[in-house]
Every structure is written in structure tokens, then in C-alpha cells.
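Counting from 1, the numbers follow the sequence of the chain as shown.
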Amino acid sequence: MIKTIIFAFLFFFFSNLYSQQNFIRWDSIVVTSSGDTLQNAFAGGLNFPQFSTIDVDGNGIQDLFVFDRSGNMPLVFLYDENNVDGTDYIYAPIYDTLFPKMEGWTLLVDCNNDGQKDIFTSTSNGGIAVYRNDMALYSKLIFTKTSALLKDTTQSFIYVSPWDVPAICDVDNDGDIDILTFNIGGSTIEYYKNISVETYGLPDSLIFELADACWGKFEEAFGNCDLYLNKSCKTAVSDTQFFYNDRHAGSTELAIDLDGDRDKDFLVGDLICDNISMLTNGGDSSSAYMSAVDTQFPDNYPVNIPQFPAIFSLDVNHDGLDDLVAAPNAINISENYTGVWYYKNTGTSSIPNYAFSTSSFLQNEMIEVGEGANISFFDINADSLLDLIIGNYGYHQTSATYTSELSCYENVGTKNIPVYKLITRDYASIASMQFLNVYPTFGDIDDDGDDDMIIGESNGNIHLYTNSSGIGKTANFALSNPMYQNIDVGQYSTPQLIDVNRDQLLDLLIGERNGNINYYQNTGTTTNAIFTLVSDSFGGVNVCKAGEVSGYSVPCLTEIDSVGNYTLLVGTESGYIYQYQNIENNLEGIFSLVDTMYQNIWEGARSCIAIADLNNDTTLDLGIGNYRGGVTLYKNLREQDSVPIVNDSSLFVSIYPNPAAGKVNIKITGNKNNFKTIQVSFVNAMGQLVYQNIFTANYLIPIDVSKFSSGVYEVELKSETYKINQKVMIMK
């Protein structure tokens, strides 16, 4: 009897556990641009990325780690062993969440000589935090914080401006990792020598002493791009060329041997400069002395990235030679669209020669609209297929100007399988209006049978574009009412046309920079909309984090639940999605905040939400835009979706033995090329996650369950394009 009751409880529990909305990344949708298929279309864009390598899956091959200052976002790209020229990578978001929270700058360096890359990252006070890579200990990617604030032997913390990128490498060739960073004044380089070898005879510790306060004997000017040689760190004001400052403008650094003489030369970028300067080390590995400056590096095709470029050394194409990648480094004032320059090393390891390859490394394989991605779905040509319209904050032009546009990706697939093709980056000629942060919403507000468009923008106004095409024809938008109905919500208006009060008239919800939502009820008619402000605090919604003054709310009111009630999803500055309910018959009340991390979706800062049925399965899917200028799609899985979300329907998973005792085998039959990794999770009857690990996709994955308690477990298998849940019983 007891066993029967337990079984009934477990059946009820698991039958309801996944009955609600359940979204999985949907990266398998094909997207093309200029005839090319984008391999990482939904990777989410890049603005201000930093590059390192790391073996994330333990297969002995270095993968690509990217840290983007926009939202402090980590992104992992697996090396594609099947690529032709060695530069192809596959975005693997399943690994992103394995990295700790990082900020400012992040570099991966093996600091304890165990063959695994560790994390060096910025702290809010200008220090360095260190996380040890413990993959060798746990046989999976796990990071352990070993230093919250790295200090030298005098117990002074090692300063690195959060805007900088320091040089972390073996400067003196003794086997342990040293640090080069501009001092707090910002004019000279401090050399922190690691004395691990000298102290313990092993290069496995982080013991730093300030060995040289003026490494290389040069100074960087404040206010221009000049570098001055033969300096001694003196502070005499009589030296007219001395630029020792009490503030730091910002610099990026890379120490690298460029001439094969076994000492470190120096590459530096500056906040107000577009170039990378090379300083030649005329000294040696123990006593650096910069003897020459070249402001046009590399000499065959100099870096020219507006503004504040950083440069990174890594073997991009896996030919055994370190290449260079240059990228913008300054948030909101740098190139944000074609800003990742890849230089292939066509020389040798000791005498490199850098040949320019592309100005949009990785970016040219993504949906990439510069800064900000304001996503919407709309049928542009009345073919009953939803197309993808993406507004943006803007494409960088100069340090003071941006061009904001609408990109249009036409759906050239079918109702069941969408395929998106880039048609134009300036849909409806929005660029000519010189708006900033354009945000589109669509709806028929004049009852002529075609949808019109309302644009929000940074000044807080909205603008009406009337569609004159007529029923069943390709949309033809023209600006008919700028500053539409004098609506002004402050800054960064993000409108949504929707019938809020269910009176058959389209109303307006408008988010804004302050984090609240404005509700404008349509008090007009179907042919003559009149939007009247009802509340500037709709439902009491405010998505500002504690202590913050901005929230950048983006409303998405939707009937996503199974009974047709409204749910309010709100995009936020942090990038997480807030979920509100208790909306029906409560428009003047306070909504219930259900979740501040809806579905645990996080694609980086400044999330924007669009929702629609993209595959004709009667469920609503999600589109998420982020401030890196890219988008991600999420497929809505219903409970009955217990089949793979891949193109190859022959893929099948079996779990045996079942019941099991000591070991469970997960067998995958079919085309393994549909995915690169599998995340395996076990959830017990109480809903607790008891096991999770990531595996390189294999046909047979053994799991040790000998320490599991007896009971029924939900087993979730998840990859980039695949998710399935099965049950297994563990009996002891």
C-alpha cells in the first residue's frame, strides 16, 4: 500500500513538473546573409569582446572563450574540428553558465602550471580576482575562487583599472605567471614579479612583489596617443615631457615576444586612440627597456578600430602559431559591428608575421546589429510567415554619433520550419530619421486591414508609420505622425500595441529607462485611435534593481498560459526577464511578481522580448534581444514534446538498466552531428537537482548512480538543439 501511494505521488509530481511553459534554446533555425548560412546566427552578437582559449570539454583541444563588456557576458565557442581553414567555431551556450560572475575584464591563463586555464578578472575596486580551474580534480569544468583580491608581498592589492586590460604572462621566462599593469596614475607600467619559483621551486603559486615601478622605462601621455621613451619614473615638474598623472585614462596591454629574442615587447591601446602601438624591448627578460615605438602595428595592415582597441594573442586556427585578435574596448563609444579584427600568423612562433584576415571575426557568423537588439515579429509581405524585424540602439559611426536602423530578416521557410534571410539593414528607411534606439511594434490602428508600425526611441517619444499597402500586400510604411499624439515617457520608449482591457481596441504599453511601464488606453475607435494615459505605473511594475536608477523596462503582455489569461513578461537592464501575473480584472491594481529570472533565461544586458508561434505548433515561442546586438530564439516545449528538436528524426535516446542500482547507461542512436555536447541532469522526487554534468556528445554515456537514494528520478538530456526528459528508477 505504501509503495502504491509513493508511486502515485511520484507519477503526479512528474506529470505536473513540466506541464507549464518550458523553453529551450532554438539554434537550429537557418539564417542566411548575402547567400551565406550563419553558423552561429543566435550567438547574440559582440560589442566589446576579450579573447582567451580554454579546453572546456576535456578533449585536449583549446576552445575559444569570449568575455564581452556589454553585460559582462561569457561566451564559449567549441573548436569545429571539421572546418577547412581552422577558424570555425560553434557557439556552445551550455558552457557559459559554468563560469563565475565576472566583470570589467577577464583573461584566462594557466597560473599554477597544471595545464588548465584559470580565470583572472576585475573587481569593482580595481583589483584582481582569481578562480582556479579544477577540471583535473572533478573531471568537468569547475572554477574555485582562490583570491578575491590579489595582493603583493607588502599586502597591497595589485591595481588594474576596470577599464583596462592588463598583461598577464611569464615576463621573465622563469615558468610562473607575472603581471604588467599601468599604475593608478596611468602613465607607467608596474611589473609584479611572481616569486613562486624562487620561493618554492615550483611555478604553481601566486606570490607577487613589485619588481619595477617603471617597467620598460617609458611613459604614456594623458590626453593624446604619445608614448615617451627613456623615462625613469621621476616626478620632477621641470621635465616638460613628463606625464605622471593623478588619474588613469584607460589602456590595454599585451606583452609578447615579437622578434624572437626571448624578452617581452609591448603592445598598447589607449582610450582616445584607434591604433595599437608597438614598443620594442631593447633590454632583456629581466630588465626591460623600450627602445622604439611603432604606432602603425601591424605594419602590413595597422589596427584602426574606433575607439580604444585591445589586442589578444591566441592560436585561432590551431596551426601551433599564436595569431592576433583586436577588438574595441570602450563601452558605448567604440565600434560595435565590424570590430573584431583577426590577424593570422603566417610567420613562425619566434618571428611572427601577422596577415590581416577579417574585420568581423565571429561577428560575420551571427545576427549582428551593432549595439542593442530590439526584436519583433511581423509579416512584411503578407505570406502568412512571420518575419524578424530588429531595431537597434545604433551602429557606431564616430565617438559621438550612431545610426539607428531596422534590420529585416524575411522568413523564406515554411509555417512549420522558419528560415530567415537578411533583406535589408534599413527597413522603412529609418536611418534617415536619425533616431536612436529604435524599437518597433506593429498593429492595425486604423482598421484598414493592414498593420501599421509605431517606433519608440531614446527621447521617449513614439512615431507612427502608416502602412498604405492594403490587405494581402507587402507592407509600405511611411512616417505619418512624428511625435505621435505628443506621447513622451521620458527616455527610451519601448512600445507594445495590444488590447490590454479586451475591448477590441489596441492599447499601448510603453516601457522606459526608469523601469516602470506606462499604460495608454485607446479611448477612440477602431478607425481613429486616441491613446489616453491611464497609469505611468502599470501594475506597480518597476524593474530597477535595488540602489539603481534605471531599469530599461520592455513590456511583453501575452496570453502564454494554457487558459488564455494575460502574463506580463518584462525585459530589464540586467538582462533577466521579470514575470508578472494577476492581471485579468486587475488593471488598476498591483500585479503579482512571480519571477525575476523567468525560465533562468539570461542572454546578457538589456533584454528585449518578442513572442509568437514560429513553428505552427499552437504554442508561443520566445525571441530575446540583448545589448550586444544579437538575438536568441527559444522554442516552447509542451509536455508531449518528448522527441528530439533536431532535423534528423531518427535520433533516439534510451536509458538502461531501468530500474538501476550502480550505473545507468545513456545510449544515443542516430546522427550525432546534430549536437556537440550533452548536459545530463538528474532531479529527484522533491524537485532537487542531485546531479549535473556536461559531456562531449557520445553514443554511450555511463553515469554512476551508486550514491543516489532509492526513488524515481527525472533525467533531462539537453544540448544546443535537443532536449528530452525520461524517468529512471534507482533501487538499492
Side-chain angles (χ1 to χ4, degrees), residues 12-13 15-24 26 375-378 386 441-445 451 494-511 515-523 526 531-543 551 553-572 576-601 607-624 633-641 687:
F12 175 79
F13 175 82
S15 66
N16 286 277
L17 185 62
Y18 293 99
S19 62
Q20 299 179 2
Q21 308 303 318
N22 191 13
F23 293 95
I24 183 173
W26 199 4
I375 182 175
S376 184
F377 297 111
F378 171 67
L386 288 174
T441 186
F442 300 89
D444 185 2
I445 65 171
D451 283 351
T494 54
Q496 181 191 10
L497 279 168
I498 187 168
D499 183 4
V500 176
N501 61 351
R502 300 187 186 276
D503 65 353
Q504 307 304 309
L505 298 177
L506 287 175
D507 308 299
L508 268 173
L509 296 179
I510 309 178
N516 55 294
I517 294 176
N518 304 268
Y519 170 33
Y520 286 82
Q521 181 183 338
N522 187 346
T523 57
T526 56
F531 294 107
T532 303
L533 179 63
V534 174
S535 173
D536 62 1
S537 183
F538 182 57
V541 171
N542 191 316
V543 296
S553 55
V554 180
C556 180
L557 188 64
T558 175
E559 296 177 343
I560 199 170
D561 69 15
S562 59
V563 296
N565 288 329
Y566 274 143
T567 294
L568 178 62
L569 303 178
V570 186
T572 68
Y576 288 107
I577 298 169
Y578 283 37
Q579 179 191 13
Y580 294 86
Q581 292 180 339
N582 188 27
I583 298 167
E584 302 290 343
N585 302 313
N586 188 34
L587 297 182
E588 296 181 2
I590 303 299
F591 302 155
S592 300
L593 177 59
V594 178
D595 200 344
T596 59
M597 300 173 63
Y598 181 67
Q599 298 275 315
N600 290 315
I601 292 173
S607 53
C608 164
I609 310 165
I611 196 161
D613 181 2
L614 300 179
N615 58 353
N616 198 35
D617 67 351
T618 72
T619 64
L620 294 174
D621 308 299
L622 278 178
I624 308 293
L633 299 185
Y634 283 81
K635 184 184 187 302
N636 192 343
L637 291 182
R638 300 164 297 176
E639 184 179 0
Q640 60 265 37
D641 286 328

Asker: Output every pair passing salt bridge (Lys or Arg N to Asp or Glu O under 4.0 Å) with a member in residues 563-572, not counting sequence neighbours, ordered by first then second residue.
Answerer: none
Asker: Which heavy atom of A610 sits nearest a heavy atom of I375, and at what distance?
Answerer: CB-O, 3.6 Å
Asker: Taking the side chain as everything from C-beta on, heavy atoms only, tell me whether Y519 gets closer than 4.5 Å to T532.
Answerer: no
Asker: What heavy-atom pair brings G623 and L633 nearest, and what distance separates the two atoms?
Answerer: CA-CD2, 3.8 Å
Asker: Between N516 and V541, is the side chain to side chain contact (heavy atoms under 4.5 Å, CB included) condition met? List the steps.
Answerer: CA-CA 6 Å; N516 55 294; V541 171; over 6 Å; no
Asker: Out of curiosity, N586 CG to F591 CZ, how far, rounded to the nearest 0.5 Å?
Answerer: 6.0 Å
Asker: Using modelled atom types and a 3.5 Å cut-off, is there a donor and acceptor pairing between side-chain atoms of N565 and backbone atoms of T567?
Answerer: no
Asker: Could you go through I517 and I510, starting from their C-alpha distance and side-chain angles, then the distance that decides it, and tell me whether this counts as side chain to side chain contact (heavy atoms under 4.5 Å, CB included)?
Answerer: CA-CA 6 Å; I517 294 176; I510 309 178; over 6 Å; no
Asker: Could you go through the side chain to side chain contact (heavy atoms under 4.5 Å, CB included) check for K635 and D617 one step at a time?
Answerer: CA-CA 10 Å; K635 184 184 187 302; D617 67 351; 3.8 Å; yes
Asker: Check for a donor-acceptor pair, side chain of D536 on one end and backbone N or O of N518 on the other, with a separation under 3.5 Å.
Answerer: no
Asker: Do T596 and Y576 come close enough that some side-chain heavy atom pair is under 4.5 Å?
Answerer: no
Asker: Give a yes or no on whether the ring-centroid distance for F23 and Y634 is below 6.0 angstrom.
Answerer: no
Asker: What heavy-atom pair brings Q504 and T526 nearest, and what distance separates the two atoms?
Answerer: O-CG2, 4.4 Å
Asker: Using 0.5 Å steps for rounding, measure from the CD atom of Q599 to the CD1 atom of I24.
Answerer: 11.5 Å
Asker: Donor-acceptor pair, distance only, cut-off 3.5 Å: does the side chain of D499 make one with the backbone of D507?
Answerer: no
Asker: Could you tell me if the side chain of P555 sits less than 4.5 Å from the side chain of T494, heavy atoms only?
Answerer: yes
Asker: Would you say the side chain of L508 lies within less than 4.5 Å of the side chain of L497, judging by non-hydrogen atoms?
Answerer: yes
Asker: Below 6.0 angstrom between ring centroids: does that apply to F442 and F377?
Answerer: no
Asker: Do the side chain of D595 and the main chain of Y578 share a donor and acceptor less than 3.5 angstrom apart?
Answerer: no
Asker: Which distance, rounded to the nearest 0.5 Å, do you find between the CG of L506 and the CD1 of I498?
Answerer: 8.5 Å
Asker: About how many Å separate CZ of F378 and CG of D451, when rounded to the nearest 0.5 Å?
Answerer: 5.0 Å
Asker: Compare all side-chain heavy atoms of R502 with those of Y566 and state whether any distance is below 4.5 angstrom.
Answerer: yes
Asker: If you compare all heavy atoms of P495 against all heavy atoms of T441, which two are closest, and at what distance to 0.1 Å?
Answerer: O-CB, 3.4 Å
Asker: Going through the distances and angles, do L614 and L386 end up as a side chain to side chain contact (heavy atoms under 4.5 Å, CB included)?
Answerer: CA-CA 7 Å; L614 300 179; L386 288 174; 4.3 Å; yes
Asker: When you compare the side chain of L622 with that of L569, does any pair of heavy atoms fall below 4.5 Å?
Answerer: yes
Asker: Keeping S607 on the side-chain end and T572 on the backbone end, is there a donor-acceptor pair under 3.5 Å?
Answerer: yes
Asker: So, S535 side chain and S537 main chain: donor-acceptor pair closer than 3.5 Å or not?
Answerer: yes
Asker: Could you pull out the closest heavy-atom pair between N582 and S592, with the gap in Å?
Answerer: CB-OG, 3.4 Å
Asker: To the nearest 0.5 Å, how far apart are OH in Y520 and CG in L509?
Answerer: 11.5 Å
Asker: Find the distance between CD1 (I611) and OG (S376) and round it off to the nearest 0.5 Å.
Answerer: 12.0 Å
Asker: If we ignore hydrogens and angles and just use 3.5 Å, is the side chain of N636 paired with the main-chain N or O of T619 as donor and acceptor?
Answerer: no
Asker: Taking C-beta and beyond as the side chain, do Q496 and L557 meet within less than 4.5 Å on heavy atoms?
Answerer: yes
Asker: Between Q521 and D503, which heavy-atom pair has the shortest distance, and what is it?
Answerer: NE2-OD2, 4.4 Å
Asker: What I'd like to find out is whether the side chain of V534 reaches to under 4.5 Å of the side chain of V500, using heavy atoms alone.
Answerer: no
